[in-house]
Amino acid sequence: MSKQQLEDALKRQLCANRKIFVPYIMAGDGGLECLAERIHFLKECGATAIELGIPFSDPVADGPTIQAAGKRALNNGTTLNKVLTTLQNMKESRAIPIILMTYLNPIYAYGIDKFAEDCNDAGVAGVIIPDLPLEEENLVLNHLQNYGIAFIRLAALTSSKKRLKEIAQRTEGFLYAVSVTGTTGSRSTHQNNVKDYLNQLKKMTDVPVLAGFGVSNPQQAQELGSACDGVIVGSKIVDLFHQGKTTEIKSLLQESINTAVF
Amino acid sequence: MNMTTYTKPNTAGYYGKFGGKFIPELLMPALIELEKAYDEAMKDPGFINELNYYLHHYIGRKTPLFRAKNLSKQLGGPNIYLKREDLNHTGAHKINNTIGQALLTRRMGKQKVVAETGAGQHGVATATVCALLGLECIIFIGEEDIRRQKLNVFRMELLGAKVKSVSQGSGTLKDAVNEALRYWVSHVEDTHYIIGSVVGPHPFPKIVRDFQTIIGKETKEQILTQTNQLPNAIVACVGGGSNAMGMFYPFLNDQQVKLYGVEAGGSGIHTKKHAATLTDGRVGILHGTMTNLLQDENGQIQEASSISAGLDYPGVGPEHSYLRDISRVSYTSITDKEALDAFQYLSKVEGIIPALESAHAVAFAMKLAKKMDSHSSLVICLSGRGDKDVEQVKTALEERNQ
C-alpha cells in the first residue's frame with residue numbers, strides 16, 4: 001500500500017518532466033513537535049518524498065552534521081516509538097511519502113515485525129537501513145514485504161558490477177546511489193566517475209535512481225541529477241533547519257528542481 | 001556442547017546466531033577482498049614463514065608458561081600457571097594480531113593502516129608494526145582516553161603514527177571505533193583497518209582470533225610438556241575478547257578443560273557502571289556484528305565503564321556470545337576494586353605487575369582456586385603488563401585510602 005504511494009509520487013514527478021528531490025531531516029532535531037510542520041513545509045517547497053532519519057548513538061555512515069543532529073534529537077528524548085506515533089497522528093493530513101532512514105539496532109531492539117507493522121499503521125512508505133547489506137537483508141525483508149513497505153537499497157561507488165546489478169534489481173521504490181566514497185555531508189566536488197556510475201545504474205533498473213551523499217547546492221543537484229532521476233539532500237537541509245534558515249531551504253529545493261530539468 | 005569438532009564461523013561469518021557483516025555497502029567489497037586475501041595467505045607457506053619469523057625474532061615468542069609457585073602456595077589450591085603475554089614486544093598480546101594484519105595489508109597492496117585504540121595498547125602495537133613494515137598509520141583515540149593515556153599517545157607518535165583525537169560521542173573506545181570506521185569508509189581503496197579485537201564485521205572476528213590462537217596453541221603444548229596433562233581450568237579477561245578467544249580456541253574441543261571469561265564489573269553490575277556485556281547486555285548490532293551489547297530499551301548503545309580502559313567496550317566478540325549460549329565458556333565479572341586488589345597482590349607475590357585488564361583474570365582465578373583441589377591445575381592468561389597502569393592505580397589507591 002504505502003510502497004505504492006511512493007512509486008506513484010516518483011512517477012508523477014518524472015512524468016511532469018521534473019527531477020525528484022528528496023530532502024532528509026533528522027526526526028526530533030528541534031523537537032518532535034515541529035516534525036509535522038517541517039514535513040508540510042518541505043512538501044510545499046516541492047519535495048517529492050521525505051527521508052526521515054531515526055537518531056542512533058553510533059551512526060557510522062554519517063558525517064559531523066547528521067551526527068550532531070542525531071545527538072540533539074536523542075538528547076531531547078526522541079525514540080523510534082515516539083517518531084512512529086507522531087507520524088501516525090499526522091497520517092491523514094500528510095500528503096507526501098515518508099521514508100525512514102534508520103540503523104539496524106534501534107529497529108532490532110523495537111522488534112522487526114512490530115516495526116514493520118507500526119510503520120504500516122503510520123503510513124511509512126519505505127525504509128533505508130545503511131548498515132544492512134545484501135548479505136544480511138533477510139533479517140528484515142519478509143517483515144517489510146508483508147506490510148507492503150518499500151525496502152530501498154543503497155549502491156556504492158566501490159561495489160563491483162555484479163553487486164550493483166543485484167542491488168539495482170532487488171531495490172524497491174527507488175535506488176539510492178551513494179555518490180561519494182565516504183560519509184554523509186557536504187562536498188565541494190564529486191569524483192569524476194560519478195556520472196558514469198549513475199548512468200550505469202540507470203541501465204540496470206526500471207525504478208528511479210537518486211544520487212545522495214555530498215549533494216548540497218542546486219549546481220550539484222543539477223550536475224548529478226542530469227545523469228539520474230534526482231537527488232537526496234541531507235546534511236545541508238539539516239544544517240539550514242538547525243540555523244532556522246527556512247527561506248534558504250525553499251530556494252535550494254526550488255532552484256534544484258527548476259534547474260534540473262531534462 | 002554435543003559436537004566433537006568446533007567449526008565456527010560458518011561461511012557467512014556466523015557463530016550460531018551471532019556475527020555476520022552489518023556494514024555499509026561501501027565497505028563490503030573491502031571485506032570480501034580481505035576474506036579472500038586472508039584465506040590465500042593462510043595457505044601460502046611464504047606468508048606463514050614470514051609471520052612466524054616476526055613472531056619469533058621481533059615479538060619474542062614463544063612466551064613462557066610460568067608456574068606461579070608462590071601464588072599457588074598462598075592460595076592453597078591448584079597449581080597456577082601464568083601465560084606470559086606481558087612479555088611480548090610492546091607489552092601485551094595485541095601485537096600477535098597487528099603483525100598478522102599488517103602483513104596482510106602489505107599483501108593486499110595497501111600502503112595505509114587505520115586503527116582505533118582505547119587504552120593505547122592496540123594503538124601502540126599497530127604503530128609498531130607499521131613502523132616495522134613501512135606503512136602509514138593513523139590511530140583514532142577518544143579525547144577522554146587521550147587524557148588517561150598521555151604516554152601511550154606520545155609512544156604512538158614516536159613510532160611515526162598520526163594520532164587523531166575523537167571528541168564525538170563520549171570520547172572513548174566505542175567512539176574511536178566509529179571514527180576509524182568512518183575514516184575507512186572514506187579511504188577504503190588504499191587503507192586497511194586493523195581492528196583491535198575479535199569484534200567488527202566478518203571476517204575480522206575470525207582473523208583476529210586466528211592470529212591470537214598462538215596463545216592457546218603454545219599454552220597447550222607447554223602445559224602438556226610441564227604436567228603431562230591438560231589444565232583443569234583456564235581464565236582470561238574479556239573486553240572485546242581477543243586474548244580470551246586466542247587462549248580458548250585450541251581448547252574448545254577439550255571438554256574436560258573448564259573455560260572462564262572475566263568481564264569488567266566496574267563499580268558493580270547493579271550500578272550500571274560496568275562493561276559486563278555478557279552478564280548485563282542484550283543482543284543487538286554494533287560495529288558490523290550481531291552480539292551482546294550494553295544498550296537501553298530503545299537500542300541506543302550505552303557507555304561502558306571500567307577502571308581498565310582496555311575492557312571499556314559496550315560490545316563483545318560475537319564468538320563469545322555464542323560460546324556462552326552453548327555453555328562452553330562460563331562468563332563472570334570482577335569489580336574495579338577486586339581488580340585493584342589482584343593487581344597489587346600479584347605484584348607482591350610473584351614480582352609481576354599485571355595490566356589492569358589481566359588483573360581481572362587474576363582476581364577471578366584467586367576466587368576459583370579456592371574451590372579447586374591441590375592436584376588440579378589452572379592457567380591464567382596474563383594478557384599484558386601493568387607498567388601503563390601504575391599512575392592510574394596510584395591515584396585510585398590514594399583515593400581509596402582517603
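Chain identifiers are assigned alphabetically (A, B, ...) following the order of the sequence lines, protein sequences preceding nucleic acid strands; residue numbering begins at 1 within each chain. These figures come from a predicted structure and were not determined experimentally.
Looking at every heavy atom in both residues, B:Ala276 comes nearest to B:His274 through N-ND1, 2.9 Å.
A distance of 6.0 Å or more separates the ring centres of A:His143 and A:Tyr147. No close placement of the B:Tyr322 and B:Tyr15 rings is indicated, their centers lying 6.0 Å or farther apart.
B:Pro29 touches chain A through its side chain: at least one heavy atom from C-beta onward sits under 4.5 Å away, while N, CA, C and O do not. If you measure heavy-atom distances from B:Leu26 to chain A, the contacts under 4.5 Å come from both the backbone and the side chain. With a threshold of 4.5 angstrom between heavy atoms, A:Leu74 approaches chain B through side-chain atoms but not through N, CA, C or O. Looking at A:Ile167, the atoms closer than 4.5 Å to chain B (heavy atoms on both sides) all sit in the side chain, from C-beta outward. Looking at A:Pro130, the atoms closer than 4.5 Å to chain B (heavy atoms on both sides) all sit in the backbone: N, CA, C or O. Neither the backbone nor the side chain of A:Tyr110 comes within less than 4.5 Å of any heavy atom in chain B. Within the 4.5 angstrom heavy-atom criterion, no atom of A:Leu80 approaches chain B. For chain A, no part of B:Val177 is nearby; none of its heavy atoms comes within less than 4.5 Å. Neither the backbone nor the side chain of A:Pro64 comes within contact range of chain B, judged by heavy atoms closer than 4.5 Å. For A:Arg153, no part sits under 4.5 Å from any heavy atom of chain B, backbone or side chain. If you measure heavy-atom distances from A:Asn81 to chain B, you find no contacts under 4.5 Å at all.
Remark: the backbone N or O of A:Gly63 is paired with a side-chain donor or acceptor of A:Thr184 at under 3.5 angstrom. Checked by atom type and distance alone, the side chain of A:Asn146 pairs as donor or acceptor with a backbone atom of A:Asn142 at under 3.5 Å.
A salt bridge links B:Asp280 to B:Lys272: one of the charged nitrogens lies within less than 4.0 Å of a carboxylate oxygen. Under the 4.0 Å criterion applied to side-chain N and carboxylate O atoms, B:Glu40 and B:Lys36 are assigned as salt-bridge partners. The pair A:Arg163-A:Glu166 fails the salt-bridge criterion, with no side-chain N (NZ, NE, NH1 or NH2) lying under 4.0 Å from an Asp/Glu carboxylate O. A salt bridge is defined here as a Lys NZ or Arg NE, NH1 or NH2 lying under 4.0 Å from an Asp or Glu carboxylate O, and B:Lys273 with B:Glu303 fails to meet this definition. The residues B:Glu33 and B:Lys110 are annotated as salt-bridged, a charged nitrogen and a carboxylate oxygen being separated by less than 4.0 angstrom.
Side-chain contact check for B:His202 and B:Glu35: at least one donor-acceptor pair (N or O, by modelled atom type) lies under 3.5 Å.
B:Ile301 places a side-chain heavy atom less than 4.5 Å from the side chain of A:Asn105.
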> Taking it one step at a time, do B:Glu319 and B:Arg209 satisfy salt bridge (charged side-chain N to carboxylate O under 4.0 Å, His left out)?
Replying inline: CA-CA 9 Å; B:Glu319 196 164 14; B:Arg209 174 196 77 191; 2.9 Å; yes
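The most heavy-atom pairs under 4.5 Å with chain A, out of B:Arg282, B:Glu189, B:Arg182, come from B:Arg182.
A distance of 5.5 Å separates CZ in B:Phe22 from CG in A:Leu139, rounded to the nearest 0.5 Å. Taken from CZ in B:Arg106 to SG in B:Cys130, the straight-line distance is 11.5 Å, to the nearest 0.5 Å.
Interface residues of residues 196-211 of chain A toward chain B, defined by a heavy-atom distance below 4.5 Å: none. Contacts between residues 289-300 of chain B and chain A, defined by a heavy-atom separation under 4.5 Å, are made by B:Met290, B:Leu293, B:Gln295, B:Glu297, B:Asn298, B:Gly299, B:Gln300.
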